[in-house]
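Report on one structure; see the data block that follows.
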Amino acid sequence: MATYKERLIAASKLNSALYEEVEADTTAMNQAMLTVILSSVAAGIGTIGRGGVAGIVLGAVAALAGWFVWALLTYLIGTKLLPQPQTQATLGEMLRTIGFSSAPGLIRVAGIIPGLTGIVFFAASVWMLVAMVIGVRQALDYTSTLRAVVVCLIGWLLQVIIIGLLFYSFGGLPRTF
């Protein structure tokens, strides 16, 4: 079994074997959660001038909530709406693979460098989305990457709507954003 650092590197290298490994490793849930938190903290540091310390804390809480919601939606869409005959997955497997797909987000800490924030955040977002597609493909035992892309996009869209409705019902975005 790889160390946590090795897992972060393999996840960032888009190594599909890593996503199979964490899918099967029921003890990797804490590592997946830590990856989501570290990625969020890196984003908070990268934008510290806009959000301050409160932004880092709120960002971490929002990232954890978003991680769970997106994993749940992706699990339901992938196993109930768009499964392949061999699809077999649990919510835990989805949480672990999606959690590790946020590993490339650690580079967002470089957003603290003036003039690089937008570029770094865009690159990290694309990289994380590609990692998520790989993680979802592995967790759902898909043979089609396109199916994993569709599941991720539907899940993302539903997550945005749900989170948007939550923010709207609670009076909008916090002032730190």
Worksheet item: Can you check side chain to side chain contact (heavy atoms under 4.5 Å, CB included) on Val149 and Val136, steps first, answer last?
Response: CA-CA 9 Å; Val149 168; Val136 166; over 6 Å; no
Worksheet item: Do you know the tightest heavy-atom contact between Arg108 and Ala124?
Response: CG-CB, 3.4 Å
Item to complete: Report the C-alpha distance between Gln31 and Arg96 in whole Å, list the side-chain angles of each, state the deciding distance to 0.1 Å, and finish with yes or no for side chain to side chain contact (heavy atoms under 4.5 Å, CB included).
Response: CA-CA 8 Å; Gln31 288 182 346; Arg96 290 189 298 275; over 6 Å; no
Worksheet item: Got Gln86 and Thr143 here, is their nearest side-chain heavy-atom distance under 4.5 Å?
Response: yes
Fill in: Trp70 vs Leu158 side-chain heavy atoms within contact, under 4.5 Å
no
Discussion item. Test your reading of the model: is there a side-chain donor-acceptor pair from Ser144 to the backbone of Arg147, 3.5 Å cut-off?
Written reply: yes
Worksheet item: Heavy-atom distance under 4.5 Å between the side chains of Phe121 and Thr47, does that happen here?
Response: yes
Worksheet item: Going by atom types only, do Gln138 and Glu20 share a side-chain donor-acceptor pair under 3.5 Å?
Response: yes
Worksheet entry | Same apolar cluster: Leu140 and Met29, side chain cutoff 4.5 Å | yes
Discussion item. Could you see if Val133 belongs to whatever hydrophobic cluster contains Leu82? Use Ile, Leu, Val, Met, Phe, Trp, Tyr and a side-chain cutoff under 4.5 Å.
Written reply: no
Worksheet item: Can you hop from Ile113 to Val41 via hydrophobic side chains spaced under 4.5 Å?
Response: yes
Fill in: Working for side chain to side chain contact (heavy atoms under 4.5 Å, CB included), residues Gln84 and Asp141
CA-CA 8 Å; Gln84 288 190 306; Asp141 305 311; over 6 Å; no
Worksheet, complete the sentence: Output for pair (Leu95 CG, Glu93 CD), nearest 0.5 Å, gives 10.5 Å
Worksheet item: What's the shortest heavy-atom distance between Val120 and Ile107, and which atoms?
Response: CG1-O, 3.3 Å
Fill in: Atom pair CE/CZ of Met33 and Phe68 - distance to nearest 0.5 Å
10.5 Å
Discussion item. With heavy-atom distances below 4.5 Å as the criterion, would you say the side chains of Leu73 and Trp156 are in contact?
Written reply: no
Item to complete: Walk me through it: do Leu64 and Val36 pass the test side chain to side chain contact (heavy atoms under 4.5 Å, CB included)?
Response: CA-CA 7 Å; Leu64 286 172; Val36 172; 4.1 Å; yes
Item to complete: Give the minimum heavy-atom separation between Ser12 and Pro104, together with the two atoms involved.
Response: OG-N, 3.6 Å
Worksheet item: Side-chain contact, heavy-atom cut-off 4.5 Å: Leu76 with Leu81?
Response: no
Practice prompt. Evaluate the side-chain proximity of Ile9 to Glu6: yes if any heavy-atom separation is below 4.5 Å, no if none is.
Written response: no
Fill in: Heavy-atom pair of closest approach, residues Thr79 and Ala89
CG2-CB, 4.1 Å
Practice prompt. Looking only at non-hydrogen atoms, find the nearest pair between Glu23 and Ala139 and report the distance.
Written response: OE2-O, 3.3 Å
Worksheet item: Under 3.5 Å, is there a donor-acceptor pair linking the side chains of Tyr4 and Thr35?
Response: yes
Practice prompt. Working to the nearest 0.5 Å, report the span between CG of Leu129 and CG of Leu153.
Written response: 6.5 Å
Worksheet item: Any side-chain heavy-atom pair from Arg137 and Tyr19 closer than 4.5 angstrom?
Response: no
Fill in: Rounded distance [0.5 Å steps], CD1 in Ile161 versus CG in Leu157
4.0 Å
Worksheet item: Nearest heavy-atom pair of Leu106 and Ala42: which atoms, and what distance?
Response: O-CB, 3.5 Å
Item to complete: State the CG-CZ distance between Leu165 and Phe170, to the nearest 0.5 angstrom.
Response: 11.5 Å
Worksheet entry | Note, Tyr142 side chain near Val151 side chain (heavy atom, < 4.5 Å) | yes
Item to complete: Answer yes if Ile45 and Val53 sit in the same cluster of Ile, Leu, Val, Met, Phe, Trp and Tyr residues linked by side chain heavy atoms under 4.5 Å apart, and no otherwise.
Response: no
Item to complete: Please confirm whether the backbone N or O of Ala131 pairs with a side-chain atom of Ser101, one donor and one acceptor, at under 3.5 Å?
Response: no
Worksheet item: Out of curiosity, does Val61 fall in the hydrophobic cluster containing Ile98 (side-chain heavy atoms, cut-off under 4.5 Å, transitive links)?
Response: no
